[in-house]
Number of protein chains: 2
Amino acid sequence: MLTFVLMLSFTEENYLKSLFQLTVETALKEEAGTNELAAHLGVKPATVNDMLKKLKEKKLVKYEKYGKSSLTKEGRKIAIEVIRKHRLWETFLFEKLEFSWDEVHEVAEQLEHIQSKKLIDQLDKLLNYPVSDPHGDPIPNAKGELLILHQHTLAEELVGHQCKMTGVKDNSSPFLKYVDQLGLAITKTIKVLARHEYDDLIEIEVNGKRISVSPKLAENIFVVCTACKKKSKR
Amino acid sequence: MLTFVLMLSFTEENYLKSLFQLTVETALKEEAGTNELAAHLGVKPATVNDMLKKLKEKKLVKYEKYGKSSLTKEGRKIAIEVIRKHRLWETFLFEKLEFSWDEVHEVAEQLEHIQSKKLIDQLDKLLNYPVSDPHGDPIPNAKGELLILHQHTLAEELVGHQCKMTGVKDNSSPFLKYVDQLGLAITKTIKVLARHEYDDLIEIEVNGKRISVSPKLAENIFVVCTACKKKSKR
DNA sequence: TATATTTGTTAGACTTACCTAACAAATTAA
DNA sequence: TTAATTTGTTAGGTAAGTCTAACAAATATA
């Protein structure tokens, strides 16, 4: 069997990854708009426009003029590979090289583009086939299968419920440092004590202490809740 | 103290590395020509010409029209950093990820451009501060100090002398596989038994067996020889 | 030393990924 | 349902890194 390996640039890989993250991954929708992608990638809409045409040519995205865009099966496959590499590298940096969870993202952004199947498979083996990265995000396996956690954000959690922290939405260093400071971390048990109408703060119990968190913070904390059992949106 | 970090592209880093390898490192001379660099980098002389002007602008190379080029102090510093990264990655792949010595080079070519001081320092620590890579090449330390072995090639070795293999000049996979096949490897003891005028083959003893090797091969094998004690050229 | 060869340079062109500015289509609001 | 706003597109421009083709300088050879 002859397999054609189409070589993609770092940039092209990043567009596919962004599109994946804006659609399949965290969001509920199937498509993303040009401006939305531009904001996510930190470039101008005109640039995204050019790239969408190019990626459509290569049959990696579905795109029609003035329409929303989405990944093709092949495009999704590549996006998942990049995400797998990113998260394995993050795990490596955290587990083996003494990086803290707020430091891993930036370096993994570079490492995720290294081309070598053997490298990634061996890294996976060295780390003992981890299922999630330091931020709690699931790591796709070598077949491209991705465990989808039935998680929602802390902001959506009901008063009185107890849940467990499973990850974060925002991977920026300042946010992660703040999370650390508050004593929050993946696997911690969180109980929602109250929601204050007056200033929208959410009062929670964690580590046996009561703290108040902003809705902005709560929206970036993922949790699972057995009490909830609300049907997952994916 | 304010330090200005000038960000270089992968390409610029590769030019500095090539220039280092063609001058300071293996060769005896201090300068390299445009065509020579072009051949080493696999690009056309015209391209090198443009880049030399650009790197001169940035004070990383010394270059005058129609003259040979060399690295400035700052350029050499950067080249050594890239080489350090390359060789640490090669060692990592070989030691931790089960790569063979003919597989490490290609992947290290990509990894050497990742920007993160912490990454490299931690990698160095994880590997326990190695002094040479799987090909026997010395790894510069964090201060940019590079151990220079007083080595020469097997082709230069005198008949009757016994030496020890310390490295290879050619890092290509076919060459390295061939070296493996012949039973040659770093640290092996080699005795030069004879040189045959007729076909230039060199007869050596290694692993207790007599084999004949071509001058081409011998030119790509580094050895040290106590009997020789010939003054090193660097 | 004159000529041939090698080595290095210049000019102009291409591609990728980005930009700005002007415009067009689609959506939202009045 | 028209007008305002948002969203998306086009055209044209820039910088990096590459190329080819023509030329110039330096070096080697006769």
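Letters go in sequence order (proteins before strands), and every chain restarts at 1.
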Whole-Å distance between [N] [atom2] and [X] [atom1]?
X: B:F10; N: D:dT18; atom1: CZ; atom2: P; answer: 13 Å
X: A:K53; N: C:dT16; atom1: NZ; atom2: C1'; answer: 15 Å
X: B:L41; N: D:dT18; atom1: CG; atom2: C1'; answer: 12 Å
X: B:E36; N: C:dT6; atom1: CD; atom2: P; answer: 16 Å
X: B:N49; N: C:dT7; atom1: CG; atom2: P; answer: 15 Å
X: A:E64; N: C:dA25; atom1: CD; atom2: C1'; answer: 15 Å
X: B:L52; N: C:dT10; atom1: CG; atom2: P; answer: 11 Å
X: A:N14; N: C:dC18; atom1: CG; atom2: C1'; answer: 14 Å

Kindly say if [X] contacts the phosphate of [N], meaning a side-chain N or O under 4.0 Å from OP1 or OP2.
X: A:Y66; N: D:dT10; value: no
X: B:K44; N: D:dA21; value: no
X: B:N35; N: C:dG8; value: yes
X: A:T34; N: D:dT9; value: yes
X: A:K65; N: D:dT10; value: yes

How long is the straight-line distance from CG of B:D50 back to NZ of B:K44, given to the nearest 0.5 Å? 14.5 Å
The residue, A:M51 or B:K68, whose nearest nucleotide of DNA chain C is more 5′ is B:K68
May I ask you to say what B:Y15 touches in the nucleic acid, namely base, sugar-phosphate or nothing, with a heavy-atom cut-off under 4.0 Å? sugar-phosphate
Using a cut-off of 4.0 Å on non-hydrogen atoms, how would the nucleic acid contact of B:T47 be classed: base, sugar-phosphate, or nothing? base
Closest to side chain of B:D50, choosing from C:dG8, D:dT9, D:dC19: D:dC19
So which nucleotide from D:dT9, C:dC19, C:dT10 ends up closest to the side chain of B:A46? C:dT10
Hey, are A:N14 and A:H113 close enough side-chain-wise for a donor-acceptor pair under 3.5 Å? yes
Just wondering, do B:P134 and B:E90 contact through their side chains at under 4.5 Å, heavy atoms? yes
Please verify the inter-ring angle class for A:F10 with B:F10; under 30° counts as parallel, over 60° as perpendicular, anything in between as tilted. perpendicular
With distance as the sole test, does A:R87 use its side chain to make a donor-acceptor pair with the main-chain N or O of A:P138 at under 3.5 Å? yes
